Amino acid sequence: MAEVVIVRDAEEAGALAADAIEGLVRAKPDAVLGLATGSTPLTTWRSLARRGLDLSRVRGFALDEYVGLPREHPESYRSVILREVVDVLGLDPLLVRVPGDDGGPLTTAGRRYEDAIAAAGGVDLQILGIGRTGHIGFNEPGSSLASRTRIKTLAARTREDNARFFSSIDEVPRHCITQGLGTILEARRLVLLAFGEGKAEAVAGAVEGPVTTSCPGSVIQLHPDVLVLVDEAAASRLANADYYRYAWDHRLEVAGA
Ligand code: F6R
């Protein structure tokens with residue numbers, strides 16, 4: 001089972017996620033981070049940035065990228081990652097990859113991205129948000145639980161949700177290239193964050209629902225090391241919320257763990 005922590009707000013969640021990253025980087029200065037974009041991880045990056053850690057050797061792999069936007073478009077995930085993660089954390093941009101960023105043919109970009117992740121030794125810690133459709137990465141409902149990095153079609157609901165970053169919904173790309181669910185499951189640790197009532201159904205499906213392609217986030221139940229950080233609103237449909245609170249309040253602090 002995932003460890004579920006119900007926090008006060010996104011700031012507290014970001015601090016806990018940053019704790020996990022800080023612990024990793026102190027033990028392994030060239031750790032490999034899996035990077036989510038979107039609104040959810042912003043407090044994590046800010047909290048981490050405030051700690052003054054040297055992150056210059058950290059390597060990063062973004063979860064996904066739109067297909068069809070020029071690289072320099074301000075909402076391409078390459079631009080977003082550079083602006084919101086690389087610049088904020090002081091990462092070396094040469095050590096951070098986004099799917100399809102190598103200039104090679106798009107049709108085989110997934111394979112090359114998988115090879116690059118493998119050559120880096122795999123992802124140590126993957127930061128995840130979750131969409132209202134239940135997607136993680138851009139693995140929309142119906143995605144194979146064993147899927148690898150590939151081109152996908154965005155759900156209409158996801159395009160609506162992401163229209164806030166563009167001047168109109170018509171500008172939101174219909175396609176993306178995303179790490180697969182099988183790829184995400186190979187990260188050594190997953191940290192999933194979600195805030196707000198709009199995520200409550202997806203969070204309940206991911207944490208407590210059946211493992212099903214209808215809620216791609218439910219694949220986290222197959223992973224042995226998952227931390228889920230949710231605010232009260234996002235936790236509001238969790239059947240076992242009282243137990244998660246109890247377990248967190250009585251957590252066993254093990255020295256050196
Ligand atoms: C982003 C990603 C998506 C988002 C999800 C939530 O790289 O892979 O799964 O994490 O759409 O988006 P926000 O955080 O904007 O609500």
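Bear in mind the structure is a predicted one, so any value in this text is a computation, not a measurement. Atoms within a ligand are numbered from 1 in the order they appear, just like the ligands themselves. What you see below is based on every heavy atom in this structure, not just the backbone, and it leaves out hydrogens, waters and symmetry mates.
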Between [X] and [Y], does at least one N-O distance fall below 4.0 Å, as a salt bridge requires?
X	Y	answer
Arg71	Asp101	no
Glu208	Arg237	no
Glu232	Arg245	yes

* To do: Could you tell me the separation between the CD atom of Glu160 and the CG atom of Leu154, rounded to the nearest 0.5 Å?
  =>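 With rounding to 0.5 Å, CD (Glu160) is 12.0 Å from CG (Leu154).
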
* Report yes if Gly137 has an N/O atom closer than 3.5 Å to an N/O atom of ligand 1; otherwise report no. => yes

Taking heavy atoms and a distance under 4.0 Å, where does [X] meet ligand 1: side chain, backbone, both or neither?
X	answer
Arg164	side chain
Ile130	backbone
Asp64	side chain
Thr37	both

* Report, in ascending order of atom number, the atoms of ligand 1 lying under 4.0 Å from any heavy atom of Leu63. =>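 Going through ligand 1 atom by atom, the ones under 4.0 Å from Leu63 are 8 (O).
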
* Go through ligand 1 atom by atom and flag the ones less than 4.0 Å from a non-hydrogen atom of Ser39. =>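 Going through ligand 1 atom by atom, the ones under 4.0 Å from Ser39 are 13 (P), 14 (O), 15 (O).
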
* Does Lys199 come within less than 4.0 Å of ligand 1, judged by its heavy atoms? -> yes

* **Main-chain N/O of Ser47 paired to Arg51 side chain as donor or acceptor, under 3.5 Å** =>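 Present.
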
* Does atom CZ of Arg174 have more than 12 heavy-atom neighbours, drawn from other residues, nucleotides or ligands, at distances under 6.0 Å? -> no

* To do: Step through the shown structure and confirm whether more than 12 heavy atoms of other residues, nucleotides or ligands are within 6.0 Å of CZ on Phe165.
  => yes

* Identity and separation of the nearest protein heavy atom to atom 14 (O) of ligand 1 ->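 Answer, as residue, atom name and distance: Thr40 OG1, 2.4 Å.
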
